[in-house]
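To keep things clear, I will list the structure first and then write my remarks on it.
Numbered from 1 within each chain, the chains take letters A, B, ... in sequence-line order.
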2 protein chains.
Amino acid sequence: MKSTIAALKAIADGTRLRVVKLLLQYNYCVGALARRLDVTEAAISQHLKVLREAGLLVGEKRGHFMHYDVDRNALRALGAELEKLAAIERQVCKPEEEDCEQQRRGRCRAHEAGGKCPEEVRFACHGPNADEKENGRNGHCECQEPQKGIR
Amino acid sequence: MKSTIAALKAIADGTRLRVVKLLLQYNYCVGALARRLDVTEAAISQHLKVLREAGLLVGEKRGHFMHYDVDRNALRALGAELEKLAAIERQVCKPEEEDCEQQRRGRCRAHEAGGKCPEEVRFACHGPNADEKENGRNGHCECQEPQKGIR
DNA sequence: TCTGTAATTAAGTAATCACTTAATCAAGGG
DNA sequence: CCCTTGATTAAGTGATTACTTAATTACAGA
């Protein structure tokens, strides 16, 4: 997860994205990359280091020259991770499963449509001292799904 | 493509990634998010702005409260884009299809295993003045696929 | 071993960024 | 209309970053 962020940071840069796209097509050496992208060799070298340390590139020395290759699996995995993220399911309230004291609160409509209120949700939506302020507006928010037809 | 970079930059941050993960599960209001992630509301608000402007979040006002939702399609599309990137095919040399003057060069082994040398590759690998320096090492690199068995 | 070149690293700089606090805007409730 | 509270914005700060030039390391040919 920390490596995911590093990899995302690595490709979230215009120049480095161009580097990756080019290296996917051509097995350029560093100097060729620099010429092709019109960037100094030092700059390219530093970008390559970032991409390499993020696990997106692997280098190979051939004679005088250093050639980098994109780790396509790593790149694919990164994409898959984002798609997997997009598939994270919503946690909805199921008050019948848990004793949810938020049901008592006037402005908390999180449960009227039927939903649970796990401890972490209760805490996050109403704060650590939610119990102390009965029926007030303080600390409340309609923190769950949009309530169709209500309000 | 520019929006891709903006979206990548947006999620390539630890706090914002946590925001996205949380909003995928719970429809928290801004204050709830801040409490849950133990970040000031101002900071969260700024992160939400970044994510919103990157097209990853959509906001909805409900009474007093502002609730943000992850645009799952945008997130999925971003992941798909990375996977598509990983599928970019390598350009290999096909000298029989093009008149490739690099074949004459001693140190350029790009073609010995059979490969084309399109103008852009030629330029990138050997520089704009490649023709002027016949048979020299200058400006050359073995810029294509690793040559098995050669050298 | 000496020389020329590819690549990396060092050092410095301007810009960007994540965060802070304080001020401001917005939306009810009394 | 005022007051409270949620949310955003403004302004400032320290850290990070992308780039530059210069120095250094690594490699191979003569």
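Taking atom CG of residue B:Leu48 and atom C1' of nucleotide D:dG6, one finds them 13 Å apart after rounding to whole Å. Taking atom CD1 on B:Ile44 and atom C1' on D:dT9, their separation rounds to 16 Å, with Å as the unit. Counting to the nearest Å, the C1' atom of C:dC19 and the CG atom of B:Leu33 are 17 Å from each other. Put simply, CG on A:Leu37 is 11 Å from P on D:dC19, counting in whole angstrom units. Atom CD in B:Glu41 sits roughly 17 Å away from atom P in C:dA23 (whole-Å rounding). Atom pair A:Lys49:NZ and D:dC19:P shows a separation of 16 Å (rounding to whole Å applied). Between B:Arg62 atom CZ and C:dA26 atom C1' the separation is 17 Å, expressed in whole Å. Distance, B:Phe65 CZ to D:dA7 C1': 11 Å, rounded to whole Å.
In this model, the phosphate group of D:dT8 is approached by a side-chain N or O of B:Tyr68 to a distance below 4.0 Å at OP1 or OP2.
The minimum heavy-atom distance between A:Leu56 and A:Ala10, with the atom names listed, is CD1-CB, 4.1 Å. Here the shortest heavy-atom pairing between B:Lys21 and B:Gln25 reads O-NE2, 3.3 Å.
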Polar-atom pairs under 3.5 Å, protein N or O versus N or O of nucleotides 20-27 of chain D: list them with distances, or write none.
unit_1, atom_1, unit_2, atom_2, d
D:dT20, OP2, A:Thr40, OG1, 3.1
D:dT20, O4, A:Gln46, NE2, 3.2

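Atom CD of B:Gln91 is separated from atom CG of A:Leu22 by 10.0 Å, given to the nearest 0.5 angstrom. The distance from atom CG of B:Leu17 to atom CG of A:Leu82, rounded to the nearest 0.5 Å, is 8.5 Å. B:Arg72 contributes atom CZ, which lies 4.5 Å from atom CG of B:Leu24 (distance to the nearest 0.5 angstrom).
The list of side-chain hydrogen bond (donor to acceptor under 3.5 Å, both in side chains) pairs with a residue in residues 76-87 of chain B, not counting sequence neighbours, reads B:Thr4-B:Glu81, B:Asn73-B:Arg76. Among residues at least two apart or in separate chains, side-chain hydrogen bond (donor to acceptor under 3.5 Å, both in side chains) pairs with a member in residues 49-58 of chain A are A:Arg52-A:Tyr68.
Listed by residue number, the members of residues 8-17 of chain A with any heavy atom below 4.0 angstrom from DNA chain C form an empty set.
Nearest nucleotide to the side chain of A:His47, out of C:dT8, D:dA7, D:dA18: D:dA18.
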Would you give me the side-chain donor-acceptor pairs under 3.5 Å for residues 37-47 of chain A, sequence neighbours excluded?
unit_1, atom_1, unit_2, atom_2, d
A:Thr40, OG1, A:Ala43, N, 3.2
A:His47, ND1, A:Arg16, NH1, 3.1

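The side chain to side chain contact (heavy atoms under 4.5 Å, CB included) check on B:Ala12 picks up A:Leu8, A:Lys9, A:Ala12, with sequence neighbours excluded.
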